[in-house]
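This report refers to the structure that appears directly beneath it.
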Amino acid sequence: MSDEQSDDKSELSKAYEPMDVEPKWYKFWLEHGVFRANLDPADQREPYAIALPPPNVTGSLHMGHALVVTLEDVLIRHKRMQGRNTLWQPGIDHAGIATQLVVERQLAREGTSRHDLGRAKFVERVWEWKAQSGGRIAEQMKILGASADWDRSLFTMDPPLQRAVREAFVRLYEEGLIYRATRLINWCTDCRTALSDVEVENEESNGELYEFAYRVVDADAADGATELVVATTRPETMLGDTAVAVHPDDPRYTHLHGRKLKHPFLDREIPIITDPILVDMAFGTGAVKVTPGHDFNDFATGKRHQLEEINILNLDGTLNEFCAQFQGLNIKQARSAVKKALAEAGLGRATKAHKLQLPRCTRSNTVVEPMISTQWFVNMKPLAEPALAAVREKRVEIIPAEWEKTYEHFMTNIQDWCISRQLWWGHQIPAFHCADCEYITVTREEQPSACEKCGQNNLTQDPDVLDTWFSSGLWPFSTLGWPDKTPALERFYPTSDMETGYDILFFWVARMMMMGIHFMGAPPFKRVLLHGMIVDETGDKMGKLKGNTLDPVDLVYGADFSAVVQKTMPDAPVAEALAKFKKAYPSSAQMGKGFSASGADALRFTLSSYSPQAKRIALSPARVDGYRKFCNKIYNATRFSLGYLEGESVDVDGRVPAPKLLVNRWILSRLATAVEASTAGIDAYRLDDGSGALYRFFWDEFCAWFVEMAKPVFSHGTSEEKAETRQVLAHTLEAALRALHPYAPFITEDLWQRIPRPASRPVSIALAPYPTAADGRADLGAERDMEALMAAISAARTVRSEHEIKPSAHVQLELRSTDAKLRSLLEEQARFIEFLVRTDGAPAVSAAGERPKGAVLSVAGNIDVLVHLRGLVEPQKEKERIERKLKKIQKDVEVLEKRLKNPSFSRSAPPEVVAEATTLKQTLEREAANLNESLQLVDELH
RNA sequence: AGGCGGGUAGCUCAGCGGUAGAGCGCUGGCCUUACAAGCCGGAUGUCGCAGGUUCAAGCCCUGUCCCGCCUACCA
């Protein structure tokens, strides 16, 4: 088609094509600087800021990102339209381990390694990689319409942020909150680095509980003290055992108190100790081997009993020189070798199946080993207390509020944070070791010239880098220029809302809270808005292996399913991958060969429509398709409107019209309600309510009733009526597009640019004011009258439809009511009834009368609706239908009657509830009477 | 083991004290001059189970069974 080119004045095609408009408008917004925050001191507008959770530099856009972008963009666009000075601060995280692993894999493919390259060259290489592929995710966010202030975008490794990180580290060190210590930490043997507690994930797996015996030194057969059987899930760690513990009150082992055990493989004697904390008499054999070097509980036990801590592992997880013949084996090999050796020595005992939790590295999925190591730590208690108080005192609100408990639990049980990582990619710790006096100089200087203690310049920087989340914790203020007092920091700190997934509540939100309060003296945001995790249609987590990942871009641009699965499971046969995919998304079966190009707006609307209360968001492609249709609806409604507005003189000055026609008064009243609901929904972080209110308003009220009723006005109305209706149409459409803009920015901009709008409006709808109730006109009388009218029309339509009257056939309609006001309403609105019901001339309105033969009677509140159907009805079918309906009504009436007869009901229930029940019962009874009458008449129909 | 959340129409979910809702699917009829990506209709629920509070209970309380997630662990 030639009419859908980019020329604004061109005729509109019949169907909406998002791909033809979306890229164009994004460019337009950038050109007009629509997304920029204003730092001009003269700008008096109230600020509103969100720090976008910086995606990993390694990442490409997934559904989780799409959700973040959508929710935050709705918030930002809404506030921007409300006249706030908005800042949506974007950026990218350097993602220490993740990025290092990616580049290392790349090197491995080239047959080299980071050790071959050396640290400096390797880091250079990572920067190169970042320059090539690090910007991709931002581009994908733009596809979704993200209105972030891209000019301010930052990378956590950028020099200003490096400076902020050094500053934070040095201050915490000077305050004694950062310290170095040797203790048991989580060690990933694959990443070869220490991990923090939150980077370890526990996964249940089936293991075994293995029992073996230690022989007692100087065994004395007389008192039975020959051996002690211990139970363990990790036999190989016996190489590091320095005690065996029993419960002091355990009668089975009293005779062994104070005795020693002989290590079967090592020249070591192991004391038997008593410890009521470690030992549960009922579990296993009641005797626990104690390995302080490789188990957190044993470590604590060792501290209580001054036991030796022996490290039996090399950094790569193989057994070290303390392990005699087992040296060099990896843990798995060592486990079976130790068991075999124990069995051969006659020490093996029972093996029982046992479920256990394996700690795994969140990055590499490798089993994490507790290991004694010297690391840097942050003392968390003093930081956590004020962060906890801020939430308790409601200075920071967490929404949904359930998460406050989780937050509280974490903050009160918080352990010190191990922040050093044995990696090369990241912020290197600003600590310098003196070769002469071993003193550690911690400094803001990039390269200090002398040791603070001895003054010599024999300094080497600590090789470790900081946990990625250390720099992320500073994000809300480091991005604004901290530690300098910049205008941006002055204006936008604290930020307003922090919106993110609940999965990083501990990783990120808690740390920002602590750092923000500590360094800035105020929490970094006023509200924490947490959304759930996106899962597939069956509720499973998305994962490459499961073949159930969805690429947001595929939904926006459209894609064949075969292409989709080839991308997620490149190594699997297409048929197999396709089967997995269809199983994960049953609704895709209805979608033919693939996803349509739904556009960013449809995807955004979909993502806005899920309740943020839900922990899991089961994304349905069919739902996206539904919102694609909604976009088409908006498009066509505008197309219809333009047909009546273009070329006419429509007075659109932004002032609310004061129409006379009922339908016009009504739609303005509904508009007021809808835009208020949208704002209320967004403000309460219930975007599902906000978007839903507009969806229903636009489709069910504006299109289904208002536009339909405008038709007879435009064809047969007086010129005043036409002018009035044009004005209301133009006004409502313009306001509706503005209301919809935060959810669906592209289509609303495109259409808004085409329709008549007040001269005072800015260059983009994104800068236009968000509509309020004042853009409509509340009119309760109009709402009440329209409800009666719509009910009557629907009742008549139902009768028509149930009797299978062709739409082309006109019927005679009679409307009766004992209410004089209703009668005059129906007379006034006769032409609309005629048009919408397709009646043969205007319906007859009367107070009461004989019921003519061959008429079907329906009830709409206080209006009886008679449709003359002589000769058009099949009596038998009609009879069955009526009887079915009667049964239902009678049941409802019974329930109501029972309730009304109960004396306590009328005594205790509020009067309006009683009145409601009474009228309802009357209506139902009237309907039942009518149906009974119809039943009698059916026989006479033919 | 503790904590949190959930079990409502075939599916995915809203509703959280006053006649059970939405989208998709199903179904009858329509190419009615904005939209067939549409229009006008229809059907579908012992609101996990058992007790209790209340005039009134998906909604509040107690117990119970499933399903998720989180935290901490019995070696």
Side-chain angles (χ1 to χ4, degrees), chain A residues 12 14-16 202 209 230-234 237 245 278-280 282-291 295-298 354 356-357 400 402-403 405-406 409-410 413 502-503 505-506 532-533 535 537-539 586-587 589-590 596 606 609-611 613-620 622-623 625-644 688-689 692 695-696 703-704 707-708 711 715 794 797-802 804-808 835-838 881 884 892 895-896 899 902-910 912-914 916-917 920-921 924:
Chain A
L12 291 165
K14 206 171 169 188
Y16 178 57
N202 288 309
L209 195 60
V230 297
T232 179
T233 54
R234 301 199 53 187
T237 61
L278 180 69
V279 183
D280 172 2
F283 188 85
T285 63
V288 187
K289 59 188 276 308
V290 184
T291 322
D295 181 283
F296 286 97
N297 284 314
D298 293 4
H354 182 69
L356 71 158
Q357 299 284 332
E402 298 97 80
W403 291 107
K405 287 174 202 152
T406 311
H409 183 263
F410 177 75
N413 295 293
Y502 70 76
D503 56 331
L505 180 60
F506 302 152
M533 297 295 109
V535 295
E537 257 180 321
T538 65
S587 80
Q590 304 150 15
S596 312
T606 308
S609 74
Y610 287 95
S611 166
Q613 310 281 81
K615 275 194 170 182
R616 296 186 309 169
I617 296 174
L619 193 89
S620 165
R623 198 150 159 176
D625 211 47
Y627 283 108
R628 178 174 66 89
K629 292 174 183 173
F630 181 54
C631 288
N632 190 51
K633 192 76 182 171
I634 300 172
Y635 175 83
N636 271 297
T638 307
R639 203 158 68 95
F640 166 86
S641 306
L642 283 175
Y644 290 96
D688 53 331
D689 288 343
Y695 180 94
R696 286 188 297 274
C703 291
V707 164
E708 288 308 310
K711 287 174 183 174
S715 55
S794 291
R797 280 169 164 178
T798 301
V799 172
R800 279 191 64 122
S801 184
E802 286 184 342
E804 302 185 356
I805 312 299
K806 283 198 187 311
S808 50
F835 179 76
L836 293 174
V837 181
R838 291 192 179 262
R881 189 186 64 83
R884 233 181 302 134
D892 287 349
V895 172
L896 280 168
R899 184 192 289 191
N902 187 340
S904 333
F905 175 67
S906 40
R907 201 172 49 237
S908 315
E912 67 269 20
V913 173
V914 179
E916 227 173 88
L920 178 64
K921 192 182 152 228
L924 288 174

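Atoms considered below: every heavy atom in the structure, side chains included; atoms not considered: hydrogens, waters and symmetry mates. The chains referred to below are lettered A, B, ... by the order of the sequence lines, with proteins before strands, and numbering in each begins at 1.
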Under 4.0 Å, counting only non-hydrogen atoms across every strand here, what does A/Gly286 touch: a base, just sugar-phosphate, or nothing? base
A/Leu896 side chain reached by A/Leu920 side chain, heavy atoms, under 4.5 Å: yes
Among the nucleotides B/rA75, B/rG23, B/rC4, which one has an atom lying closest to any side-chain atom of A/His354? B/rA75
For B/rA72, take OP1 and OP2 only and decide whether either is under 4.0 Å from a side-chain N or O of A/His409. no
For A/Asp689 and B/rG21, give me the distance from atom CG to atom C1', rounded to whole Å. 13 Å
List in chain and number order the residues that pass salt bridge (Lys or Arg N to Asp or Glu O under 4.0 Å) with A/Glu402, two or more places apart in sequence or in another chain; answer none if no residue qualifies. none
For A/Lys921, the salt bridge (Lys or Arg N to Asp or Glu O under 4.0 Å) test, sequence neighbours excluded, returns A/Glu925
Interface polar pairs with nucleotides 53-57 of chain B, N/O, under 3.5 angstrom:
from, atom 1, to, atom 2, distance (Å)
B/rC55, O2', A/Asn902, ND2, 3.1

Identify which nucleotide among B/rU19, B/rC4, B/rA75 has an atom closest to any side-chain atom of A/Leu920, counting heavy atoms from C-beta outward. B/rU19
In whole Å, what is the span from the CG atom of A/Leu836 to the P atom of B/rU32? 16 Å
pair_partner(B/rA72), Watson-Crick or wobble, both distances < 3.5 Å, evaluates to none
Please measure how far the C1' atom in B/rU8 lies from the corresponding atom in B/rA20, and state the result in whole Å. 9 Å
How many whole angstroms separate atom CG of A/Asp688 from atom P of B/rA14? 8 Å
Run the side-chain contact (heavy atoms from CB on, under 4.5 Å) test against A/Val799 and tell me which residues pass, sequence neighbours left out. A/His803, A/Val856, A/Ser858, A/Val867, A/Leu869
Whole-Å distance, A/Tyr502 OH to B/rU71 C1', equals 14 Å
Reckon A/Lys921 touches a base, only the sugar-phosphate, or nothing at all at heavy-atom distances under 4.0 Å? nothing
Answer yes or no: is there a side-chain heavy-atom contact under 4.5 Å between A/Tyr627 and A/Lys633? no
Nearest to side-chain heavy atoms of A/Glu916, which nucleotide of B/rA75, B/rC4, B/rU19: B/rU19
Under 3.5 Å, is there a donor-acceptor pair between the A/Arg899 and A/Asn902 side chains? no
Looking across every strand, which nucleic acid part, if any, lies under 4.0 Å from A/Ala287 by heavy atom: base, sugar-phosphate, or nothing? nothing
When every nucleotide of nucleotides 6-12 of chain B is labelled 5' to 3' by its protein contacts under 4.0 Å (heavy atoms), B for base, S for sugar-phosphate only, - for none, what sequence of letters results? ------S
Looking at A/Asp625 and A/Ser596, what are the two nearest heavy atoms and their distance? OD1-OG, 3.9 Å
What contact category does A/Leu896 fall into here, base, sugar-phosphate, or nothing, at under 4.0 angstrom with non-hydrogen atoms? nothing
What string of B, S and - do you get for nucleotides 37-45 of chain B 5' to 3' if you count protein non-hydrogen atoms under 4.0 Å? BSSSSSSS-
Assign the ring pair A/Phe630 / A/Tyr695 to parallel, tilted or perpendicular, where the plane angle (0 to 90°) is split at 30° and 60°. tilted
Protein-nucleotides 66-68 of chain B N/O pairs closer than 3.5 Å?
none

Would you mind telling me which residue lines up with the more 5' stretch of RNA chain B, A/Ser609 or A/Asp892, judged by nearest nucleotide? A/Ser609
Contacts of type side-chain contact (heavy atoms from CB on, under 4.5 Å), residue A/Arg616, not counting sequence neighbours: A/Val535
If I pick the C1' atom on B/rU44 and the same atom on B/rC26, what distance separates them, to the nearest angstrom? 9 Å
What integer number of Å spans the C1' atoms of B/rG21 and B/rC66? 26 Å
Under 4.0 Å between any heavy atoms, over every strand shown, what does A/Val707 touch: base, sugar-phosphate, or nothing? Just pick one. base
Quick one: list whatever passes side-chain contact (heavy atoms from CB on, under 4.5 Å) with A/Glu537, sequence neighbours left out. A/Tyr585, A/Pro586, A/Ser587, A/Ser620, A/Pro621
Spacing of the C1' atoms in B/rC47 and B/rG7 (rounded, Å): 10 Å
Is there a donor-acceptor contact under 3.5 Å from the side chain of A/Ser801 to the main chain of A/Thr798? no
Report the distance from atom CZ of A/Arg838 to atom P of B/rG29, rounded to the nearest whole Å. 19 Å
Would you measure the distance from the C1' atom in B/rA1 across to the matching atom in B/rA56 and give it in whole Å? 40 Å
Is B/rG58 syn or anti, taking syn as a glycosidic angle within 90° of 0? syn
4.5 Å side-chain heavy-atom contact, A/Thr237 and A/Asp295: no
Check ring-ring contact (aromatic ring centres under 6.0 Å, His included) between A/Tyr502 and all other residues, then give those that pass, not counting sequence neighbours. A/Trp403
Pair assignment for B/rG38, Watson-Crick or G-U wobble, requiring both distances under 3.5 Å: B/rC30
In whole angstrom, give me the gap between the P atoms of B/rG29 and B/rG17. 43 Å
Only pairs with both distances under 3.5 Å count, Watson-Crick or wobble alike; so what is the partner of B/rC49 in this structure? B/rG63
Identified pairing partner of B/rG18, criterion: Watson-Crick or G-U wobble below 3.5 Å: B/rC55
Could you state the OH-C1' distance from A/Tyr644 to B/rC35, rounded to the nearest angstrom? 14 Å
Identify, with sequence neighbours excluded, every residue that meets ring-ring contact (aromatic ring centres under 6.0 Å, His included) alongside A/Tyr610. none
Looking only at side-chain atoms of A/Ala622, point me to the closest of B/rA34, B/rG5, B/rC24. B/rC24
Any A/Arg838 side-chain heavy atom under 4.5 Å of A/Arg800 side chain: yes
Both A/Ser808 and A/Tyr627 contact RNA chain B. Which one's nearest nucleotide lies toward the 5' end? A/Tyr627
Who passes side-chain contact (heavy atoms from CB on, under 4.5 Å) against A/Leu356, sequence neighbours left out? A/Ser205, A/Thr233, A/His354, A/Leu358
What one should report as the nearest heavy-atom pair of A/Asn632 and A/Tyr16 is OD1-N, 3.0 Å
Write down the atom of A/Ala231, the atom of A/Thr285, and the distance for their closest heavy-atom approach. N-OG1, 3.8 Å
With rounding to the closest Å, how many angstrom separate the P atoms on B/rG45 and B/rU62? 32 Å
With a 4.0 Å cutoff (strictly under), does any side-chain N or O of A/Lys14 reach OP1 or OP2 of B/rA36? yes
Let me know the distance between CZ of A/Arg696 and P of B/rG23, rounded to the nearest Å. 9 Å
Would you classify A/Thr233 as touching base, sugar-phosphate or nothing, given that sugar-phosphate means primed atoms plus P, OP1 and OP2, and contacts are heavy atoms under 4.0 Å? sugar-phosphate
Please determine, for B/rG23, whether a Watson-Crick or G-U wobble partner exists with both distances under 3.5 Å, and give it or none. B/rC11
Whole-Å C1' distance, B/rU27 and B/rU33: 28 Å
May I have the distance from A/Asn202 (atom CG) to B/rC69 (atom P), rounded to whole angstrom? 13 Å
